[in-house]
Structures are given as structure tokens and as C-alpha cells.
Amino acid sequence: MISVQNVHRFFGDKHVLKDISFDIRPGLMTGFVGGNGAGKTTTMRIILGVLAANEGRVLVDGKPISTDYRANIGYMPEERGLYPKMKVIDQLVYLGQLHGMSAADAKQRSLELLDRLGLVGKPTDTLESLSLGNQQRAQIAAALVHRPAALILDEPFSGLDPTAVDATVAVLRDVAATGAPVLFSSHQLDLVERLCDELVIIAEGEIRANGTREQLLAAGSTGEWEMTASADTGWVRDNGVQVLEFDGGYVRFTAPTEQQANSVLTAALARGTVKSFGPVQRSLHEIYKEVTQ
């Protein structure tokens, strides 16, 4: 597990990271979300050792992160960093060899990744000849070629179409399944909500929310409930709750307690089939707006 603990960072007299603490757990995909200038990239660079923290530390399994561990992290920067005039396969093999792989192993691994990421037939193309979306896929392959111990990806889904997103997610989940911690930033909150096991929300250099997807969404409960039943639900108005919306078999209401809400469910079951019942929760987008404003 990678732990960022009480990290502060200044650029001159500007305090850009303020007591940043969160964990990137092994085997899980952690989404790191925040607006432009919130501190995401700076935090990632401190984990990687590209920047130093003015205060705080980064630990791996309770010990200070080592140079060797950092060298084995797969990193994808937001700005594309591959060589535009070099063939895709040549630079992937080159990067694999820099991490100690044999040329044969690096080539086999590179071809496997390019195939899974949808770049079949592209290995001998130069990077600059590819579309922007395919350049992004090649950049992702570069972060994965050496079978990294951890992954840190800055906006990996930028410019990808839905098919490419699905292919990339499948590859990233396979990496996480090996026990590697995976951290990625994204502005696509709907995508983050769907993909992440854990979420970290940062704004103005401060962590505003941190937890599992379920924890954050549960914390975003509105205190409202909704139910869809086979029978008419007009009777709910007389069951001690405040009905907010009613349309035949659908009703949305607020209840003083969860017990009172469950009593509505019990009464509905006595009248017929209940198709759905549960609390109304805000989306990640709504939670994000609330904690960052």
C-alpha cells in the first residue's frame, strides 16, 4: 500500500498542497479527482520523486518509499512524452529494456499490450502518424510494458472513445488484480464513479473527501427514498411520511427515520410486488460540486 502522509508543498510563497493524506491500496483502483490547479499532478510527482515535499512523507507498506520501488512504478503523464518520429514498438521495447527486460520479453509484452489496447497493425507506425486517441493508447502501453509494481496515470482516458475506454479499463483491472496499487486522475466524473473502488477528491490543495465509492455515495444520501411497486402507491401519503412525488406505482418521499421508511416497504409488500426500493443518493458529480465549492 502506498500512503501519502501529511504532505505540504510550496512554490515560492504559494502553498499548493496542504496536509495531503490518503492511501492507494493494493489491488484497488483509486480515482483522484479535482479541478485544474487543485494539486493532483503535483501530488503524483511527489509520490514519484520528481518533486520533493516540503513536509510530510510517502510510505510503501509502512516504510519510506525507496528509489527502487519508485523506478518500478508505471507512470503516464498528462502531457504525452513518447518520441513522435519513432516507431511505437521500438520505443516500447526500449522502455522495457530500460527497466531491465530483455529485448525479446519487452517485444512480446509490447505486442500483447498493443493488441489488448486495440492497436493491432500499428506497432511499426510512428507515433506522430497515429490519431490522438491511438497515441494515448500507446502512452498507456508505455506505462505498463515493464509489469509495474504500481500505476500512477494522469488523465489516462483523455481522448479515448468508449471502446478504447473499455479496453483500457480491462487492462488496468488486470494490473490491479496482481495486487498493484492503481491511482488515476480524471475529469470524467461519471467514468470515475463507475470504475473506481476508492475516491479521493482534492480542491485548492486540500483533500475534501476520501473513501470507498460506496462510502462517499452513502454520505451523499439526500434523506429521500423512492419505491416502485406493482400496485398504486397513493396510500403512502397516509403512512406518516412526506410524499415529494407520486405517479401511480412510483413514489418518492422523505421519512423521519430509516425505520419509518422501512415501514412503508413492509406496507407495500403487503399490498403487492415491490419492484425497487431504496434511498435516493446524489451522484458523484453532485457530491464533488458540494465539497469543492
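Treat the numbers as computed from the prediction; the structure is a model and nothing was measured.
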**Prompt:** Should we say atom CZ of Arg57 is surrounded by more than 12 heavy atoms from elsewhere, each under 6.0 Å from it?
**Reply:** no
**Prompt:** Should Val251 and Glu245 count as side-chain neighbours, where that means a heavy-atom distance under 4.5 Å?
**Reply:** no
**Request:** Check whether any side-chain N or O of Arg109 sits under 3.5 Å from a backbone N or O of Leu144 as a donor-acceptor pair, and report yes or no.
**Result:** yes
**Message:** Any side-chain to backbone donor/acceptor pair from Ser230 onto Thr273? Under 3.5 Å, distance only.
**Reply:** yes
**Prompt:** Hey, is OH on Tyr94 packed in by over 12 heavy atoms from elsewhere, all under 6.0 Å?
**Reply:** no
**Request:** May I ask you to test the Leu130-Lys122 pair for a side-chain heavy-atom distance under 4.5 Å?
**Result:** yes
**Prompt:** Would you say Glu128 has more than 12 foreign heavy atoms packed within less than 6.0 Å of its CD?
**Reply:** yes
**Geometric cation-pi criterion Arg252 and Phe246, 6.0 Å radius, 45° cone** = no
**Request:** Could you grab the distance from atom NZ of Lys107 to atom CD of Glu112, nearest 0.5 Å is fine?
**Result:** 15.0 Å
**Request:** State yes or no: are the ring centers of Phe157 and Phe184 separated by less than 6.0 Å?
**Result:** yes
**Asked** In terms of heavy-atom contacts, does NZ of Lys87 have more than 12 from other residues, nucleotides or ligands at under 6.0 Å?
**Response** no
**Request:** Taking all non-hydrogen atoms of both residues into account, name the closest pair between Gly31 and Val192 and its distance.
**Result:** CA-CG1, 4.3 Å
**Asked** Side chain of Thr233, backbone of Ala229: donor and acceptor closer than 3.5 Å?
**Response** no
**Request:** Could you tell me whether a side-chain N or O of Arg25 sits under 3.5 Å from a main-chain N or O of Pro181, the two making a donor and an acceptor?
**Result:** no
**Request:** Would you check if Asn210 and Glu198 make a side-chain contact, meaning some heavy-atom pair closer than 4.5 Å?
**Result:** no
**Asked** If you measure from the Lys or Arg side-chain nitrogens to the Asp or Glu carboxylate oxygens, is any gap between Asp232 and Arg271 under 4.0 Å?
**Response** no
**Item:** Asp197 side chain to Met29 backbone, donor-acceptor under 3.5 Å
**Value:** yes
**Message:** If we check side-chain hydrogen bond (donor to acceptor under 3.5 Å, both in side chains) with His15, which of these qualifies: Glu204, Arg9, His8, Glu206?
**Reply:** His8
**Neighbour count above 12 (heavy atom, 6.0 Å) for Tyr250 OH** = yes
**Prompt:** Is a side-chain donor or acceptor of Ser129 paired with a backbone partner of Thr126 at a separation under 3.5 angstrom?
**Reply:** yes
**Donor-acceptor pair, side chain of Thr42 and main chain of Gly39, under 3.5 angstrom** = no
**Asked** Got a donor-acceptor contact below 3.5 angstrom from the His99 side chain to the Ala71 backbone?
**Response** yes
**Asked** If only atom types and distance count, is the side chain of Thr228 paired as donor or acceptor with the main-chain N or O of Lys275 below 3.5 Å?
**Response** no
**Prompt:** Quick one: does Asn54's side chain have a donor or acceptor within less than 3.5 Å of a partner on Phe10's backbone?
**Reply:** yes
